[in-house]
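Throughout, protein chains are lettered first and strands after them, A, B, ... in sequence-line order, and every chain is numbered starting at 1. Just the heavy atoms: all of them, side chains too, but no hydrogens, waters or symmetry mates, feed the values below.
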2 protein chains.
Amino acid sequence: MVAAGADLADEIGFAALTMGGLAERLGVRTPSLYKHVAGQEDLNRRIAALALDEARHTIGAAIQGRAGRDALRAAARALRDFVLTHPGRYAATIGLDLSSPDDPVALAAARSLEPFSAVLRGYDIAPGDATHALRALRSIFHGFATIEAGGGFQWGTSTDESFDWLVDLVDLGLRARPTQQSEPPSPAPTAHRGAPS
Amino acid sequence: MVAAGADLADEIGFAALTMGGLAERLGVRTPSLYKHVAGQEDLNRRIAALALDEARHTIGAAIQGRAGRDALRAAARALRDFVLTHPGRYAATIGLDLSSPDDPVALAAARSLEPFSAVLRGYDIAPGDATHALRALRSIFHGFATIEAGGGFQWGTSTDESFDWLVDLVDLGLRARPTQQSEPPSPAPTAHRGAPS
DNA sequence: ACACATCGGCTAACCATGATAGCTTTTGGC
DNA sequence: GCCAAAAGCTATCATGGTTAGCCGATGTGT
């Protein structure tokens, strides 16, 4: 049922998703939905959790076997494709209340950054800068994808080209940064936990 | 009245802005508002236009007398400050319908990019890449500011530091890009019109 | 076979909000 | 003081989220 809501949101826009609309889509009366979700807020959060997990899996699959700029490119493209093909789902993930750290949505949000964390392992980032770098990647590609999905880029210039240009910009910036001196004594950060940013 | 709506949106969040709430704030009954705006949609767009103009002026003032990285930093900080101090106004500017090119909101949106266009004149960007670079700056700082304003950055790590790190990343990326060969024969792009992206 | 708990649906009703119609009051120029 | 425009009001309606309380189907333990 949450999946049906997510599909409907992708079709008509997340802001236009109503309990009545979803009930109609399911061939059911509105109050029946309350046997499955606690209300619209609950529905929205479940769609968000679904979207975050789907995005993580898709992006994770896209970077398999890649590293460095290839991985960055693949991850960024996978995110962009996800947002363009599932704008409603993705919109559900914006502006969530994440204050309860063990809430399923907050966990999904934290885990959704794992692929980007993996991408950063292909660059020479000082351990103390890991959070900054992760926040940077997230901001950058979230920003592009949401503006593009919202029709914010006017003009004829190809957004595909702009996107590739942006990926190159980020790759160059990550490399141009003064490299950290040799290997730190402590073991490299392991992957057992995606760092929430 | 639009300004009162913008202030209220900053206080309670743009999504929570209602005609009834604004009427109460103004000490007036709801239908009276319809003598001034055509409806909620119209109110939202007017708030968006106000916000875009205010942001443009604030960012424009911040980059006066600066160039290169200083200008980039100043512009990015001014945008971030604007979003953090006026989250409701800024949220009104997201996802606007810009399909009518001579609509006041579309004009304000196009003009709002002028300061970033000016910042880019401090870098050696090939003319054909101007739109890409402008879209990049917009995506990057929009992304960071909206995620931060929405409480999306968890953890204790300072968002101030992350922001400065991001600005450096962009500056380095813009400089590391293979430089265009010498001066183009045509005159440098003038400032008389901000390029909508 | 039967009692019954559970699940998932229903109708009816309520409340908040956006919107419109039509009337009244305020106000400012003459 | 007159009058038209500006700005307010009450009354009313539609939509959408939500709750309460009821009903039928299903499946299980005795």
#### Entry: Interface residues of residues 25-41 of chain A with DNA chain D (non-hydrogen, below 4.0 angstrom)
A/Thr30, A/Pro31, A/Tyr34, A/Gly39, A/Gln40
### Between A/Ser99 and A/Asp97, a side-chain donor and acceptor under 3.5 Å
yes
### Query
Is a side-chain donor-acceptor pair under 3.5 Å present for A/Tyr90 with A/Asp10?
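No.
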Establish, for the pair [X] and [Y], whether the NZ or CZ atom is under 6.0 angstrom from the six-membered ring centre and no further than 45 degrees off its axis.
{"X": "A/Arg135", "Y": "B/Phe153", "result": "yes"}
{"X": "A/Arg80", "Y": "A/Phe141", "result": "no"}
{"X": "B/Arg89", "Y": "B/Phe14", "result": "no"}

### Message
Can you measure B/Asp42 atom CG to C/dT20 atom P for me and round it to whole angstrom units?
### Response
11 Å
### Summary
Rounded to whole Å, CG of A/Leu43 lies from P of D/dG16 at a distance of 15 Å
